[in-house]
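For reference, the structure is listed below as structure tokens.
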Amino acid sequence: MQRAVVLAIVGVAVLGLGLSAADRVEHRSGRRVAQSAEQASPPPTSRRATADAPRSSPAAPKMATSGPRKPTSTTSPSPDAPRPGVTRADEAALVGQYCATCHSEKGKAGGLSLAGFDARKAAEQPEIVEKMARKLRAGMMPPAGAKRPDEATLAALASALEAHMDEIAAGNPNPGWRPFQRLNRAEYARAIKELLGLDIDVTAYLPADTISQGFDNVADAQTFSPTLMEGYLRAAGRVAALAIGDPDATASEATYRLSKMTSQTAHTEGAPLGTRGGLSVVHTFPADGEYVFRMDLFAEPLGLLFGSTAADEQLEVSINGERAALFTINPRMSEETTGLALKTPPVHVKAGPQRVSAAFIQRFEGTVNDLIAPIDHTLADTEIGIAYGITTLPHLRGLSIVGPHHVTGVSDTVSRRKIFTCRPTEAAEEAPCAQRIIEGFATAAFRRPVSERDRSRLMRFYERGRADRNFEYGIGKSLEAILASPQFLFRLEETPSSAVAGRNYRLSDLELASRLSYFLWGVGPDADLLKVANDGRLTTPGVLAAQVKRMLADPRSEALAPRFASQWLRLQDLEKVFPDPILYPYYDQTPCRSRNIDAASLGTAAC
């Protein structure tokens, strides 16, 4: 289904790239896909043209967005141009016979007058012609009970009106205008994943995005503030340190929480088989060293362990599926006497992303057959937590990871392999190697080849870091500068020197590549697309279509349909829904968690 949605809207994406969000208010029908994905909404005169590829102007994909909001050309289609099925005289006669009676100057049904309608003046009233075509296609006009021509005639009239729109759009290309576009939370997280192989929680660094009509990537609504810039700077420093690793890392604590509304009776995805409940997360460890894992359990209202009637329950901590610790839970635990936390002894863990799971050993399968049916999905009724005769089990409340202690170094990680494409063996090789690393990473991050000016500036960051400590520290400082650069955080489009005020101009191939990539993948262009664009071949015959097909076949294209549907249908709000636990004791947030497989692509936090 997702693939079908992608294929259905890719025509709008390719042909409408670059059209302004400011024009979407004039026509909302059929616009949600374009306005949510890339502000690609065509102006009122181009609905049919952008939906029907063969009719569109071949130059449409490269129209810039910094031109005026209204069409700069007043060229009208030829009055003698052929019409599909009906002539211009027929159009006027049909409108006068079947429409103008109600839509007269006196009656003005729906506030619309069609008296003296002239199709040759469609360019002067595109909203009216567009509205007429929609009503005819929907079978709403002429209304039921009124005199109507046969369906073939109505279809021919609608086609003729749509042909007017196509001609006007082709003769008056209007790319609209777009202010600056910055990376939102979801795009930032996906960019870090693509560049460095790191899954980060962007909510810890960046403030919430501005939402416009349910979507978080509408350029007109995006804001910029000192708080946001501070968040970008803080994120750049932390991400660079996690990617390279920090041999001087000091102990800190990261906590992952579970909601009361989450089921802990079934297996948790990512945890080892043979376990139930708990949680499983991918945590990025900053360095090789010893870490302590603390598990907090839920309590009933008096502070006793919830599920204390269950004997011999065990809780396992595993790293990448291998057991690191096993606890037998004491049913007599309480907040007042023993506390409800379990701590592992120090466990040595290597740097980089590692899957950590804390889950209970599954002791039985099948339906519980108690005299009083237990509420096995939630902790809504905590009063039953110590009641005999009802099967209740201990539940994990949260997992905390504390460390590192006794750092031993930094192991090879996915991020380090992506960064260190070369390794100097002597001092003379350090600067050329650093330049190669910086140039490659900056090209991918900036979504274009790096200029000499950019290269020299970034090398200065490396040189300062190298002087302070060592080669890796210098590389880390240059990466931090790249991630904090406007060239990365903003999707900038330059006005060519040949541009004339008040006239449209074409986007460069590199700018078009960036728009296309963010529409289909939600992330910047890959090396193949950048190479084609840098060679100036992206808009040559067949190349653009071939790139779209290649990108749709890539797994990254799955980010489009789920993200659009999530924001369009407001599925991200599911995590904020907490129905009355007494009235709905079996409400379970697990489906929300399973829906949110790629929280970064949907722009939401995990439920």
Practice task
Answer yes or no: is there an ion pair linking D526 with R447, defined by an N-O contact shorter than 4.0 Å?
Solution key: no
Problem - Residues in side-chain contact (heavy atoms from CB on, under 4.5 Å) contact with I329, at least two apart in sequence or another chain - result: L297, L305, E313, L315, M333, L342, F360, P394
Handout entry: Backbone N/O of A559 and side chain of W521: donor-acceptor pair under 3.5 Å
Key = no
Handout entry: Side-chain donor or acceptor of E187 paired with backbone N/O of N184 under 3.5 Å
Key = yes
Practice task
For residues 353-362, pull every pair meeting side-chain hydrogen bond (donor to acceptor under 3.5 Å, both in side chains), keeping only residues two or more places apart or in separate chains.
Solution key: S280-R355, S280-S357, N320-Q354
Practice task
Run the numbers on D216 and R185 for side chain to side chain contact (heavy atoms under 4.5 Å, CB included), then give the verdict.
Solution key: CA-CA 9 Å; D216 62 5; R185 277 179 168 183; 6.0 Å; no
Practice task
With sequence neighbours excluded, tell me which residues meet side-chain contact (heavy atoms from CB on, under 4.5 Å) with Q487.
Solution key: F446, R448, S485, L492
Practice task
Please say whether the positively charged group of R464, taken as NZ for Lys or CZ for Arg, lies over the ring of F461, i.e. under 6.0 angstrom from the six-membered ring centre and within 45 degrees of the axis.
Solution key: yes
Practice task
Indicate yes or no: does D412 engage R417 in a salt bridge with an N to O separation below 4.0 Å.
Solution key: yes
Practice task
Decide, yes or no, whether a salt bridge links E472 with R416 under the criterion of side-chain N to carboxylate O below 4.0 Å.
Solution key: yes
Handout entry: T443 side chain vs E439 backbone, donor-acceptor pair below 3.5 Å
Key = yes
Exercise for the section: Evaluate the ring planes of F471 and F420, with Trp represented by its six-membered ring, and classify them as parallel (under 30°), tilted (30 to 60°) or perpendicular (over 60°). Expected result: tilted
Practice task
Check the side chains of S557 and D554 for a donor-acceptor pair under 3.5 angstrom, ignoring hydrogens and angles.
Solution key: no
Exercise for the section: Considering only NZ, NE, NH1 and NH2 on the basic side and carboxylate oxygens on the acidic side, decide whether K477 and E480 come within less than 4.0 Å. Expected result: yes
Exercise for the section: Can you measure from CD1 (I200) to CG (L206) and round to the nearest 0.5 angstrom? Expected result: 7.5 Å
Practice task
Can you see which heavy atom on L258 is nearest to which on G278, and at what distance?
Solution key: CD1-O, 3.5 Å
Practice task
Check I419 against A243 and note the closest heavy-atom contact, atom names and distance.
Solution key: CD1-CB, 3.8 Å
Exercise for the section: Would you check if the side chain of R323 reaches a backbone N or O of S318 as a donor-acceptor pair within less than 3.5 Å? Expected result: no
Practice task
Indicate yes or no: does D199 engage K193 in a salt bridge with an N to O separation below 4.0 Å.
Solution key: yes
Exercise for the section: Please state whether the rings of F285 and H283 are parallel, tilted or perpendicular, taking 30° and 60° as the class boundaries. Expected result: perpendicular
